[in-house]
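Here the structure is laid out as structure tokens; the discussion comes afterwards.
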There are 2 protein chains.
Amino acid sequence: MAQKIKLSTIADALKVSTATVSLALRDSPLVADQTREKIKEHARAIGYIYNRRAASLRTSRSGIVGVVVHDIMNPFFAEILRAIEGELDRSGQTFILSNHYDQLDKQRTFIDTVLQLGGDGVIMSPAIGTPAEDIRMAEDNGLPVVLIARSVKDANVPVFRGDDAYGIGLATNHLISLGHTRIAMVGGTDQTSTGRDRYEGYLHAMQKAGLEVKPEWRIPGPRTKQAGFDAAPQFLALKDHPTAAVCWNDLAAIGMMNGIARAGLVAGVDISVTGYDDLEEAAIATPALTTVWNGQREVGQRAARALLDQLNGADTHARQELIKPELRIRQSTSRPKER
Amino acid sequence: MAQKIKLSTIADALKVSTATVSLALRDSPLVADQTREKIKEHARAIGYIYNRRAASLRTSRSGIVGVVVHDIMNPFFAEILRAIEGELDRSGQTFILSNHYDQLDKQRTFIDTVLQLGGDGVIMSPAIGTPAEDIRMAEDNGLPVVLIARSVKDANVPVFRGDDAYGIGLATNHLISLGHTRIAMVGGTDQTSTGRDRYEGYLHAMQKAGLEVKPEWRIPGPRTKQAGFDAAPQFLALKDHPTAAVCWNDLAAIGMMNGIARAGLVAGVDISVTGYDDLEEAAIATPALTTVWNGQREVGQRAARALLDQLNGADTHARQELIKPELRIRQSTSRPKER
DNA sequence: TGGGTGCGGTCAAACGTTTGGCCAGGACCC
DNA sequence: GGGTCCTGGCCAAACGTTTGACCGCACCCA
């Protein structure tokens, strides 16, 4: 590796000061066009590499944004991340990504890392049980926070998420309108704001339609295909089992449909199943999954923009923005089978 | 936000020098136990935050490792990333992650960013068409590179990947041993080393068994479910269509099985299908997918360790390590149906 | 008594940028 | 011809750490 090239290397070669070089490379109008071109040209020629740490030490802007979610491999978050990535890319921010797997200490470590690196902001989907305190701590240290997908009680920061209660209501009502009266809810937990909202939405829709809800019809579990798959036999073992299941998300729904198939039944015929999120995968599942579009792209984009605006000095008030979900009807739901 | 707390804040408060504080916080034996404790205690109490940029400016070690792959949302990479994450975490490195979507300029931008941030190294699954030049450029600037999943011709760096030719041979031979003679290969491209190796492996197995291979039996395409799904009708439209398909990866295979189901046929009965990678999902697909375990976890772990070793001064010679894949037989393959 | 050794700690120079303040020279104006 | 403005550029002080060189002291040994 050749000798490190720095501003002064260029400055010396061209008989100007480092200040001029610095300004020229950043297209400052303070330097004459001709000089600027000469400098940029030379910099390119000798392969100068801008040292961001040195710069940010001086400017205290690092161009780094931290993003932390439960699990980046979960397609739901993956779609959000894709949107965030696009937005951040366009404004030249680097993002560092991490999973917290719903472990508070992993989340704290991450925030700490971002602080140490002098990050400009954080976008996070808070781990279960995140205290408002943790968020305040970040903000106190000059790290603006934006929340996605879940909110944190008493945390005074912007939140972007789907309207879960409303969305799950769409799915439940759809099943009810098809004639189902015994409807279970499969997957998910009640420990997140999302979880509570979805369960409430389901309950509310059932009650509004005057339908009974048995406690054993709530089969909670992780939000994974595996969990849905495992829930299927439980569901089928219920005496007088329901004719339909509202699943926490598409993953659980797809897993459950697989489980139903394993039991020799046909989802969408014997048992109706709805998902949630409308992942790309939902449309090509067999049968194609009736689900609720949850605006992942919207959430990601708006969250990223809100953060960027804040970095640019806009006074982002702590608002909560709910994206309105939409029902996508496909083949996994139908009228209940007579017996 | 309170006044920035720095080493000297602590130093002043405790009437010692910043040097002592710096050493104490890093557990140097050069400072007396008692002093050290006092310093660490005070630092904690007032909420001192270590400034890594300042430190790395001095030390030229940033604790940052760049990781870039085609698409982090692809479960194949996701599983590798999970392993890398674990390894890096344990040694306190921060990793910044990015997709290149097989675009060379995105990949270059990423490497440039890592250079600017003073990253300690890069783990990458090179984009299609990556010239050895690009990698040499990184290394010339003091950024060690480790490759995963794909190799780059003439690039003199460590590579960790599965033995694709061997692995696809396992799948092909399995089908042959079941009695299939007309076997197609679905999905993937021949533009990557992986692609060529897999196709070669398939060809080689067929030829060794004395079986004919028709050109139209090669149905290339992206490595996604959607692609597999779309390939199904093409496959079925072939006159005298094959009785089995070796798919590029599990995603394509699962997509194809869905496509087969849509056509009213049953994968694993009418058409045998094999996947590649053994994603978590393969086992719960319906039918459960016969596939080839590709050692994602191994690849990720070894790559990360190799890089870490190199950072610690070990002289990592540029080796290519091939992980031996293993066949996982499930329900998506069976004897060909007589007609 | 004088020199050697360890211990605990300090000094100050770097690391590579950015930026507010300053300056030289020329054009322009009355 | 003296004042005012502009233009293009330079100076030097930060930003917060780390680290090689040094230092003072106590103790020990001969």
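Just so we're on the same page: letters track the sequence lines, and every chain starts at 1.
- Residues forming a salt bridge (Lys or Arg N to Asp or Glu O under 4.0 Å) with Arg26(B) (at least two apart in sequence, or on another chain): none.
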Show your working on side chain to side chain donor-acceptor pair (under 3.5 Å) between Thr94(B) and Arg52(B) and close with a plain yes or no. CA-CA 11 Å; Thr94(B) 303; Arg52(B) 279 216 236 173; 2.9 Å; yes
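- Side chain of Gln107(B) to backbone of Ala127(B): a donor-acceptor contact under 3.5 angstrom is found.
- Contacts of Thr20(B) with the nucleic acid, taken as non-hydrogen atoms under 4.0 Å apart, include base atoms.
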At a cut-off of 3.5 Å, list every protein nitrogen or oxygen paired with a nitrogen or oxygen from nucleotides 20-26 of chain D, distance to 0.1 Å.
none

Apply side chain to side chain donor-acceptor pair (under 3.5 Å) to Arg150(A) and Thr192(A), showing your working. CA-CA 7 Å; Arg150(A) 299 174 184 170; Thr192(A) 58; 4.7 Å; no
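- A heavy-atom distance below 4.0 Å to DNA chain C is reached by these residues of residues 31-48 of chain B, ordered by number: Val31(B), Ala32(B), Thr35(B).
- In terms of modelled atom types and a separation under 3.5 Å, the side chain of Glu139(B) and the main chain of Val145(B) share a donor-acceptor contact.
- Each of Leu57(B) and Thr18(B) was matched to the nucleotide of DNA chain C holding its nearest heavy atom; the match closer to the 5' end belongs to Thr18(B).
- Residue Arg53(B) places no side-chain N or O under 4.0 Å from the OP1 or OP2 atom of dG16(C).
- In this structure, the side chain of Asp102(A) engages the main chain of Ile128(A) through a donor-acceptor pair within 3.5 Å.
- Taking 4.0 Å as the cut-off between side-chain N and carboxylate O, Glu85(A) and Arg82(A) do not count as a salt-bridged pair.
- Between the Asp120(B) side chain and the Val65(B) main chain, no donor and acceptor come within less than 3.5 Å of each other.
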